[in-house]
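Chain naming here is simple, since letters A, B, ... match the order of the sequence lines and numbering starts at 1 in each.
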Protein chains: 2
Amino acid sequence: MLSMKSQYAFKALSYLTLKFNEGPVLISEIAKKKKIPLKFLENILLELKKAGILDSKKGKGGGYFLKQRPEKVKVATVIRLINGPIAMLPCVSLYFYERCKNCDEKKCGLHDMMVEVRDATLQIVENRTLKDLVM
Amino acid sequence: MLSMKSQYAFKALSYLTLKFNEGPVLISEIAKKKKIPLKFLENILLELKKAGILDSKKGKGGGYFLKQRPEKVKVATVIRLINGPIAMLPCVSLYFYERCKNCDEKKCGLHDMMVEVRDATLQIVENRTLKDLVM
DNA sequence: TCATTACCCCACCAACCCGGTGGACTGAAT
DNA sequence: ATTCAGTCCACCGGGTTGGTGGGGTAATGA
């Protein structure tokens with residue numbers, strides 16, 4: 001399941017997508033409109049900024065805004081960044097791979113099935129962007 | 001991600017599937033063969049029994065065994081039991097549904113996408129059984 | 001320049017979950 | 001009665017989740 005943090009991230013990003021090209025948006029505005037705890041949102045936005053998804057401007061008239069066009073930001077990227085692995089097992093994860101202990105991947109039925117699940121999921125989240133979230 | 005507990009559950013169930021119709025299997029045998037901490041495995045098997053997937057026999061010659069035929073036990077059932085929801089959001093879960101707060105399901109882009117992910121996943125795990133894990 | 005604005009950063013918190021352990025008890029078979 | 005093996009319950013350390021508080025610092029604009 002996606003954590004609260006991930007859900008907040010998507011809400012905030014949706015909001016910033018709608019406000020794309022309208023200049024910086026205050027954290028407090030996003031927090032209020034999307035009903036996200038202010039300080040918690042601060043952390044999330046900062047993390048998204050460090051990952052290169054958002055950018056910010058300090059001082060009066062400052063705030064956060066999308067660094068890239070909404071259709072350039074894949075949903076999968078955001079999930080991996082804020083929530084972690086998309087796959088159901090470490091041994092089938094593309095970005096967070098870890099070998100199974102005591103289990104031969106070559107002939108593990110669970111492994112094979114989870115590869116299928118992973119691919120079916122990626123098929124969707126790798127091909128959707130922030131733009132799709134607000135349409 | 002599936003928890004260790006879930007992975008242990010699948011390992012144990014695979015083993016019991018191979019030993020199907022050979023009578024009760026000792027917890028200690030499963031623990032040893034599958035390298036699962038004994039006491040932890042105890043809890044897991046008990047949970048699977050309470051859910052009607054396994055049955056057990058006490059005393060000498062006792063142990064655990066599958067209550068139903070391996071092809072009758074869906075992977076999805078085991079995941080839901082030991083790991084919890086399969087969906088990525090509470091508001092798209094079929095068995096663990098919870099309403100989103102401050103988010104209209106009718107027009108939430110994330111919601112719609114997660115319904116797709118859920119269905120793609122269920123397509124797989126609802127149609128695979130313990131038997132498929134050992135083939 | 002200088003105050004204000006608003007992001008930046010760090011430390012901390014309670015509650016919960018995960019992975020696992022210890023010990024006592026109960027029921028069945030010999 | 002004894003032994004075997006599952007049942008039950010309580011507990012535990014450590015990590016994660018979902019926050020909160022407070023001060024620091026960079027940019028703005030008057």
Side-chain angles (χ1 to χ4, degrees), chain A residues 1-12 16 23-32 34-51 53-67 79 81-85 88-90 96 98 101-102, chain B residues 1-12 16 19 23-32 34-67 79 81-85 88-90 96 98 101-102:
Chain A
M1 300 262 287
L2 294 181
S3 61
M4 271 297 163
K5 191 173 176 182
S6 306
Q7 295 178 50
Y8 288 154
F10 279 115
K11 279 177 197 273
L16 290 174
V25 181
L26 293 183
I27 298 181
S28 54
E29 180 185 336
I30 305 172
K32 197 176 177 188
K34 291 299 190 173
K35 292 177 180 148
I36 303 170
L38 181 72
K39 295 292 288 180
F40 196 26
L41 179 58
E42 238 183 72
N43 302 333
I44 297 168
L45 296 179
L46 195 54
E47 217 168 318
L48 290 167
K49 177 186 171 174
K50 285 180 179 164
I53 294 173
L54 296 181
D55 208 346
S56 67
K57 196 161 172 286
K58 286 186 177 181
K60 192 162 195 169
Y64 275 98
F65 50 93
L66 282 173
K67 191 172 186 180
I79 295 179
L81 179 66
I82 305 292
N83 209 73
M88 298 189 89
L89 290 177
F96 299 84
E98 281 177 56
K101 357 188 187 311
N102 321 320
Chain B
M1 300 264 285
L2 294 182
S3 60
M4 270 298 169
K5 192 174 174 179
S6 306
Q7 296 179 50
Y8 289 154
F10 279 115
K11 279 178 197 274
L16 290 175
K19 299 270 182 180
V25 182
L26 293 183
I27 298 181
S28 54
E29 179 185 337
I30 305 172
K32 197 175 175 187
K34 291 299 190 173
K35 291 175 181 151
I36 303 170
L38 181 71
K39 294 292 288 180
F40 196 26
L41 179 57
E42 237 183 72
N43 303 332
I44 297 169
L45 296 180
L46 195 54
E47 217 167 317
L48 290 167
K49 178 188 169 174
K50 285 179 180 165
I53 294 172
L54 296 181
D55 209 345
S56 66
K57 196 161 173 287
K58 287 185 174 182
K60 191 160 196 173
Y64 275 96
F65 51 93
L66 282 175
K67 192 173 184 179
I79 296 180
L81 180 66
I82 306 293
N83 209 72
M88 297 189 90
L89 291 176
F96 299 84
E98 280 177 57
K101 354 184 191 313
N102 321 320

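- With distances taken from any side-chain atom of B:Met4 to the nucleotides C:dG19, D:dG18, C:dC8, the minimum falls on C:dG19.
- Between the NZ atom of A:Lys35 and the P atom of D:dG19 there is a distance of 15 Å, given to the nearest Å.
- No contact: B:Leu45 has no heavy atom under 4.0 Å from any strand.
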Please tabulate, one pair per line, each protein N/O and nucleotide N/O from nucleotides 24-30 of chain D that are separated by under 3.5 Å, including the distance.
unit_1 : atom_1 : unit_2  : atom_2 : d
D:dA26 : O4'    : A:Lys58 : NZ     : 3.0
D:dT28 : OP1    : A:Lys57 : NZ     : 3.4

Nucleic acid footprint by protein, nucleotides 10-16 of chain C - heavy-atom cut-off 4.0 Å, B for base, S for sugar-phosphate alone: -------
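- Each of A:Leu2 and B:Leu26 was assigned the nucleotide of DNA chain D with the nearest heavy atom; the assignment lying further toward the 5' end belongs to B:Leu26.
- A salt bridge links A:Lys39 with A:Glu42: at least one charged nitrogen is closer than 4.0 Å to a carboxylate oxygen.
- Here B:Lys32 does not pair with B:Glu29 in a salt bridge; the nearest charged N to carboxylate O distance is not below 4.0 Å.
- Smallest separation of non-hydrogen atoms from A:Ile27 and A:Leu41: O-CD2, 3.7 Å.
- Dashed line: the shortest gap from a side-chain N or O of B:Tyr8 to OP1 or OP2 of C:dG20 is under 4.0 Å.
- A distance of 8.5 Å separates CG of A:Leu48 from OH of A:Tyr64, quoted to the nearest 0.5 Å.
- A sub-4.0 Å separation between OP1 or OP2 of C:dC8 and a side-chain N or O of A:Ser56 is present.
- Among the nucleotides C:dG19, C:dC8, D:dG6, the one closest to the side chain of A:Leu46 is C:dC8.
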